[in-house]
Amino acid sequence: MAKEITSREEDYSQWYLDIVKKANLAQNSAVRGCMVIKPYGFSIWEKMQGQLDKMFKETGHQNAYFPIFIPKSFLSKEAQHVDGFAKECAVVTHHRLMNDPNGEGVVVDPSAKLEEELIVRPTSETIIWNTYRDWINSYRDLPILVNQWCNVVRWEMRTRLFLRTAEFLWQEGHTAHSTQEEAITETKLMQDVYARFAEEYMAVPVLRGFKSENERFAGAVDTFTIEALMQDGKALQAGTSHFLGQNFAKAFDVKFLNENQKEEYVWATSWGVSTRLMGALIMTHSDDEGLVVPPKLASTQVVIIPIPKPNDEINAAVEKIMTELKAKGITVKYDQDKKKRPGFKFAEYEMHGIPVRLGIGKRDLEKGVVEVARRDTKEKSSQPIEGIAGYVEQLLEDIQNNLFQRALDYRTEHSSNADTMEEFQEILENKGGFIYAHWDGTVETEKKIKELTKATIRCIPNDWKEEEGKCILTGKPSNRRVVFAKAY
RNA sequence: CGGGGCAUGGCGCAGUCCGGUUAGCGCACCUGCUUUGGGAGCAGGGGGCCCCAGGUUCGAAUCCUGGUGCCCCGACCA
């Protein structure tokens, strides 16, 4: 075996890194904490982008682009916002290099110091709201529904490929509204878009909820979230949608004249998902053989392998199959590499998570069949070439559904109630997953629980139910359960 | 920011403690032959500023001093 992957059981963290590297998704770069996304990894991200972008546009949004640099003074205009991000900002201080007078290479030219430092955006609320001031005068200018696809930089102390990198790719939507109600509706709408994307396309079931004060976005009034559960029982925040109230409008003095000729501050939302979704995808579906990609996000859905090698007879049969598959909008690749043997190719495409593999050899052609292998269950069967496109089309749908159902079953098995701290800790240590528990609603209690157990409140479900109970830590009264978990 | 580890061909490593001929192994690569239904075998071949700078020495991948970078664990983190 040329490409061993550490098993999940042995070391989940190493398994994840092995998948990322051996499936050619990404690699570490020469820059600390920054990754190179390789062509295959990027092709999956592009599929995600394409679908999300479509969904944003279907809900009335437009794309725009704002600068990568933010004047330092902007960042500090919203007090909570700067508190949240100040410790992880990359700062541009100079604009020119010069030859090193003492030797080789170049040094920063001290005479080229910027009057005001520029921050490499960790998120764009400030520069965007500074711009919105120019765009908004009247209620007739609202709403503004804008999204941008870009990179951002957060100087994290510790990074992990896709899950937390110093630079990452994402989209950030920034909307402006004339009423609070409309902004809240937008916030929830985008949470719903994210949840639908995660479940229908990524086949990743998510909890829809909102954050406790402690976990809220810096500068937000309310943060809505979708939370996914990974195979090791840890939660991953997969997307967030923030209701920002009038905080940024006030900080950047963005007012509009309403229908009654009264001046008001604008209401805001922002929402984002990032390349972290790649991490969620990997850790939800993949196995010890490699990556597993749901058909709707696979850049290649079907691979055809001639056994043992391409020849005229096989090529003719494959060409016919490919035409039929393409006619149904299925992406297919025919691997005609003569140097590699079938066994090698099987392993390789399993590593890359291609959902369906067709194998065609002499034996098959004599019987008018192909060997069909599905990546999710590793099952193989012989199917007639006649009507194969219809069979594959259905199979891709089955795989998509199966992946979602499998992940949902895992989550159901790993969702528990806990009524005491002992119970809570016991579940956390042995089983992991989402733990529904009563909480007294205070930041102090949440922090204390985190200190004791490393678990945090992932969210309060949107559809929380009234239930009398006692806080697992303090015993104070509580009227609902909230969701705890250890998180990435 | 604390703790640990690593730096030697494209990748993964050995060699370093105890300095000594041409720096070695596996994978990958190139050529040829035989193979080919689950990661082929044999034969031949190419490829190294041994992280950087300085020092010790007849001689440094190896010893000394000072740097740099990366990875992992923890703290931290929408």
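Below, read A as the first sequence line, B as the second, and so on, with proteins coming before strands; counting in each chain starts at 1. In this text, all values refer to a predicted model and were calculated from it rather than measured experimentally.
Nearest nucleotide to the side chain of Q237(A), out of A78(B), C72(B), U36(B): A78(B). Checking G37(B), U36(B), G38(B) against the side-chain heavy atoms of E350(A) singles out G38(B) as nearest. Closest to the side chain of R357(A), from the set G38(B), G37(B), A75(B), is G38(B).
Looking at heavy-atom distances under 4.0 Å, W170(A) makes contact with a base. Residue I305(A) is out of contact with every strand shown, counting any heavy-atom pair closer than 4.0 Å. In this structure, E88(A) reaches the sugar-phosphate backbone alone: every heavy-atom distance under 4.0 Å involves primed, P, OP1 or OP2 atoms, never a base. Nucleic acid contact for Q14(A): none, since no nucleic acid atom lies under 4.0 Å from a heavy atom of the residue. Within 4.0 Å of K454(A), counting heavy atoms only, lie sugar-phosphate atoms of the nucleic acid but no base atom. As judged by a 4.0 angstrom heavy-atom cut-off over every strand, Y488(A) is placed among residues making no nucleic acid contact. Heavy atoms of K362(A) sit under 4.0 angstrom from at least one base atom. Using a 4.0 Å heavy-atom cutoff across all strands shown, S13(A) reaches sugar-phosphate atoms only and no base atom.
The distance from atom CZ of R374(A) to atom P of G38(B) is 21 Å, rounded to the nearest whole Å. At whole-Å resolution of the value, CD in E371(A) and P in G38(B) are 9 Å apart. Nucleotide A78(B) holds its P atom 17 Å from the NE2 atom of H174(A), rounded to whole Å. Atom pair N28(A):CG and C6(B):C1' shows a separation of 14 Å (rounding to whole Å applied). One atom, CD1 of I307(A), and another, C1' of G38(B), lie 9 Å apart when rounded to the nearest Å. If you take CZ of F346(A) and C1' of U36(B), they are 11 Å apart, rounded to a whole angstrom. Rounded to an integer number of Å, the gap from NZ of K22(A) to C1' of G39(B) is 13 Å.
For F484(A) and F424(A), the ring centers are positioned less than 6.0 Å apart.
Here G12(B) sits opposite C25(B) as a Watson-Crick or G-U wobble pair (both hydrogen-bonding atom distances under 3.5 Å). Base pairing annotation: C51(B) forms a Watson-Crick or G-U wobble pair with G67(B), both donor-acceptor distances under 3.5 Å.
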